[in-house]
Visitor: 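This is the structure I want to talk about, given as structure tokens.
Small disclaimer: the values here were computed from a predicted structure and weren't measured. Chain naming here is simple, since letters A, B, ... match the order of the sequence lines and numbering starts at 1 in each.
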There are 2 protein chains.
Amino acid sequence: MTSDTALIRPFVEAFGEVLSTMAMMECTTGSPTVKESHQAQGDVTGIIGLTGNRLKASLAISFPRAVLVDIMTRLFGESPEEMDEQVSDLVGELTNMTTGGAKRLLAEAGYDFDMAVPAVISGEKHLIDHKASGTTLVTPVHTESGDIFLELCFEHKA
Amino acid sequence: MTSDTALIRPFVEAFGEVLSTMAMMECTTGSPTVKESHQAQGDVTGIIGLTGNRLKASLAISFPRAVLVDIMTRLFGESPEEMDEQVSDLVGELTNMTTGGAKRLLAEAGYDFDMAVPAVISGEKHLIDHKASGTTLVTPVHTESGDIFLELCFEHKA
């Protein structure tokens, strides 16, 4: 659990679990790579800060609209016309649950985290630029309605 | 220091101080009000999560582009043509320094905070929707080149 890429794995694992149990959606995940551009790769992004005993971090999960419509349809049987508020709540909840799951997995590896308050960003072509001394890693999560991108930026404490 | 509006004051105070010392820009501040819409009121927003002994929070500072051009001009003597990266760094730095300043002020009032990693959001008409059980308060900060909006959302621990 010391390499940078090892730190993103619990988030990816927890996200797959949340997607499967809460949104009834199966996924496969790609390998984490270093993020080069600031372009958010989805239309709606959930973002949350974490502070810990050994590092601090920021998690962003970026969803294409098609995936969110698919999840809403699976959950509610139909895709609401005016779904902006529900979509925002859904993305906030998925972000929160994923972080909670990863927090438990990381605690087993000796990393204790406190979670801040999630925020949901939406808007065409929004950019997210994490400001940390450490690396920003991104992992694609493939679903049948599109790719979700899970991004983790972190900074080791001195 | 128990009312909700009292919690945003140290952030506003620290921001005014940072703006004056780092960006050489004077400001006056309005009264905090409850945020009703999710529309970000600026073009570039710095956001940071905080976790604490008594509450957790998220701070967003939303800048209109004109104010950022003004600050860049004050700092560097000219407004760079291709300033996206510098603007993003500047907003990240202003967000970080403001939070650091507020953290010190709040510590005197018995609130201990850890700061997560700041992220900078840009994009036309981006929306930011804080997901907390508590209130989101917004305070306008008036400068001669436009209004900056400082937004604080928080959740008291059970």
Visitor: State, with a plain yes or no, whether a side-chain heavy atom of T51(B) is found less than 4.5 Å away from one of M115(A).
Guide: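 A side-chain contact under 4.5 Å is absent here.
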
Visitor: Please determine whether residues Y111(B) and F11(B) belong to a single hydrophobic cluster, defined as Ile, Leu, Val, Met, Phe, Trp and Tyr linked transitively by side-chain heavy-atom distances below 4.5 Å.
Guide: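 Y111(B) and F11(B): one cluster.
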
Visitor: Give, as side chain, backbone, both or neither, the part of I47(B) having an atom under 4.5 angstrom from any heavy atom of chain A.
Guide: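 Looking at I47(B), just its side chain touches chain A.
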
Visitor: Would you mind telling me which of T45(A), L127(A), I121(A), D129(A) makes a side chain to side chain contact (heavy atoms under 4.5 Å, CB included) with I121(B)?
Guide: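 The passing option is I121(A).
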
Visitor: Looking only at non-hydrogen atoms, find the nearest pair between K131(A) and V117(B) and report the distance.
Guide: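 That closest heavy-atom pairing would be O-CG1, 3.3 Å.
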
Visitor: When you group the ILVMFWY residues by side-chain heavy-atom contacts below 4.5 Å and let the links chain together, are M24(A) and L19(A) in the same group?
Guide: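 Yes, it is one cluster - the side chains of L19(A) and M24(A) are joined through contacts under 4.5 Å.
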
Visitor: Can you tell which part of N96(A) gets under 4.5 Å to a heavy atom of chain B, answering side chain, backbone, both or neither?
Guide: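 Answer is neither: N96(A) stays 4.5 Å or more from chain B.
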
Visitor: Are more than 12 heavy atoms, taken from residues, nucleotides or ligands other than R104(B), located less than 6.0 Å from that residue's CZ atom?
Guide: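 No, not enclosed.
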
Visitor: Does any backbone or side-chain atom of L50(A) lie under 4.5 Å from a heavy atom of chain B? Answer side chain, backbone, both or neither.
Guide: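 L50(A) touches chain B through backbone heavy atoms alone.
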
Visitor: Which residue out of A60(A), G92(A), A57(A) racks up the most heavy-atom pairs below 4.5 Å with chain B?
Guide: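 Maximum pair count with chain B is reached by A57(A).
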
Visitor: Is there a path from L150(B) to L137(B) through hydrophobic residues (I, L, V, M, F, W, Y) whose side chains come within less than 4.5 Å of each other?
Guide: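 L150(B) and L137(B): one cluster.
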
Visitor: Taking C-beta and beyond as the side chain, do D114(A) and K56(B) meet within less than 4.5 Å on heavy atoms?
Guide: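 No - every pair of side-chain heavy atoms lies 4.5 Å or more apart.
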
Visitor: Among the options G49(A), A119(A), G123(A), S122(A), pick out the one with the most heavy-atom pairs lying under 4.5 Å from chain B.
Guide: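 With the most close heavy-atom pairs to chain B, the winner is S122(A).
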
Visitor: Please say yes or no: joined through hydrophobic side-chain contacts below 4.5 Å, possibly via intermediate residues, are V12(B) and V138(B) part of one cluster?
Guide: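 Different hydrophobic clusters.
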
Visitor: Starting from V141(B), can I reach L90(B) by hopping between I/L/V/M/F/W/Y residues whose side chains sit under 4.5 Å apart?
Guide: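 Yes, because L90(B) and V141(B) connect within a single hydrophobic cluster, where side-chain heavy atoms sit under 4.5 Å apart.
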
Visitor: Count the heavy-atom pairs under 4.5 Å between each of P118(B), S58(B), S133(B) and chain A, then report the option with the highest count.
Guide: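 Most heavy-atom pairs within the cutoff with chain A belong to P118(B).
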
